[in-house]
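Report on one structure; see the data block that follows.
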Amino acid sequence: MPRTVAEAEAVQDRLRPLVDLVGPGPTAPRTVAGLDVAYAEDGERLAAAVTVLDAATLAVLDTAVTTGRAAFDYVPGLFAFRELPALLTALDRLTVQPDLLVCDGHGLAHPRRFGLACHLGVLTGRPAVGVGKTPLIGDWTEPGQRRGSWTPLLDGTEPVGRVLRTQDGVKPVFVSVGHRMDLDNACAQVLRLAPRYRLPETTRAADRLCRTELRRSAGRG
DNA sequence: GCGACAG
DNA sequence: ATCTTGTCGC
């Protein structure tokens, strides 16, 4: 793990070329993982969760959770270093391997084109997509109000992701490629995973799990 | 120089 | 991320 901003940026620049942008990624993944982290009030203690869902039924097939400490200060653009160690630990504890990782944060929609979803994809070798609730970089126009409507997320003239409406009238989410996926497929998968709520069921399941674990372990580990 | 800034 | 009440809508 890097300890300084300069070291962390160097790591991203070194790993960025390893991102597979060819895609298209699995059209019909059988298993999809959601990853999320919850923090205690001190912003240090955390719980990281991974949930593996059946892509067709959205039933939970496997879960893994771990507690720990933030591995890096929060710096926009270097956010991944905070949660990476804990998320990798949780991923190691899975018994059902996911065909796709759905990450809570951005992928290519990042200042150096290497957000959390790219980082997790490269380190695990698995297809990955980033789903952010708020933007980090880029300009866009409001997509239509209907579920499935989207507009390009542009960094200058470069498309780095999409602003996607996952439910009628809700705030859109920011979808970007992480690894071994193309943008069309990434958005198609996110839409399939979000049949009822704004966020993918994978993310929702992981969010519940890590929050519960954080309270259950209140105080120490 | 100033504002913006994933979770 | 987390701290927080009520409130509007299905």
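Sequence lines set the chain letters: A, B, ... in the order given, protein chains first and strands last, and positions in each chain run from 1.
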With 3.5 Å as the limit, what N/O pairs link the protein to nucleotides 1-10 of chain C?
from	atom 1	to	atom 2	distance (Å)
C:dA1	OP2	A:K133	NZ	3.3

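- In this structure, the CG atom of A:L87 is 14 Å from the P atom of B:dG7, given to the nearest Å.
- We find that the ring of A:Y74 and the base of B:dG7 stack, their centres lying under 5.5 angstrom apart and their planes tilted less than 30°.
- For A:D99 (side chain) and A:R30 (main-chain N/O), a donor-acceptor pair under 3.5 Å exists by modelled atom type.
- In this structure, A:R204 is positioned above the aromatic face of A:Y197, its NZ or CZ under 6.0 Å from the six-membered ring centre and within 45° of the axis.
- Base contact: A:L116 has a heavy atom under 4.0 Å from a base atom.
- When atom types are taken as modelled, the side chain of A:S176 and the backbone of A:G107 share a donor-acceptor pair closer than 3.5 angstrom.
- Atom CG of A:L199 is separated from atom P of B:dG7 by 10 Å (rounded to the nearest Å).
- With respect to A:T63, the side-chain contact (heavy atoms from CB on, under 4.5 Å) criterion is satisfied by exactly one of A:V96, A:T51, A:V50: A:T51.
- In this structure, the CZ atom of A:F79 is 4 Å from the C1' atom of B:dG7, given to the nearest Å.
- Straight-line distance from the CG atom of A:L84 to the C1' atom of B:dG7: 13 Å, rounded to whole Å.
- Residue contacts shown for A:L78 include a base, since a base heavy atom lies under 4.0 Å away.
- Counting non-hydrogen atoms under 4.0 angstrom, A:G77 reaches a base of the nucleic acid.
- Between A:T134 and B:dC5 there is no side-chain N or O to OP1 or OP2 distance below 4.0 Å.
- Using a 30° and 60° split on the angle between ring planes, A:F81 and A:F72 fall in the tilted class, from 30° to 60°.
- The backbone N or O of A:T66 sits nowhere less than 3.5 Å from a side-chain atom of A:R93 that would complete a donor-acceptor pair.
- Within the 4.5 Å cutoff, no side-chain heavy atoms of A:Q97 are placed close to those of A:D62.
- Atom CZ of A:R113 is separated from atom C1' of B:dA6 by 14 Å (rounded to the nearest Å).
- Put simply, CG on A:D155 is 15 Å from C1' on B:dA6, counting in whole angstrom units.
- The residue from A:R146, A:Q145, A:R147 that alone fulfils the side-chain hydrogen bond (donor to acceptor under 3.5 Å, both in side chains) condition with A:D168 is A:R146.
- Ring-plane geometry between A:F79 and A:Y74 is classed as perpendicular, the angle between the planes exceeding 60 degrees on a 0 to 90 degree scale with a lower cut at 30.
- Taking a 4.0 Å limit (strictly below) on heavy-atom distances, residues 135-151 of chain A reaches DNA chain B at A:P135, A:L136.
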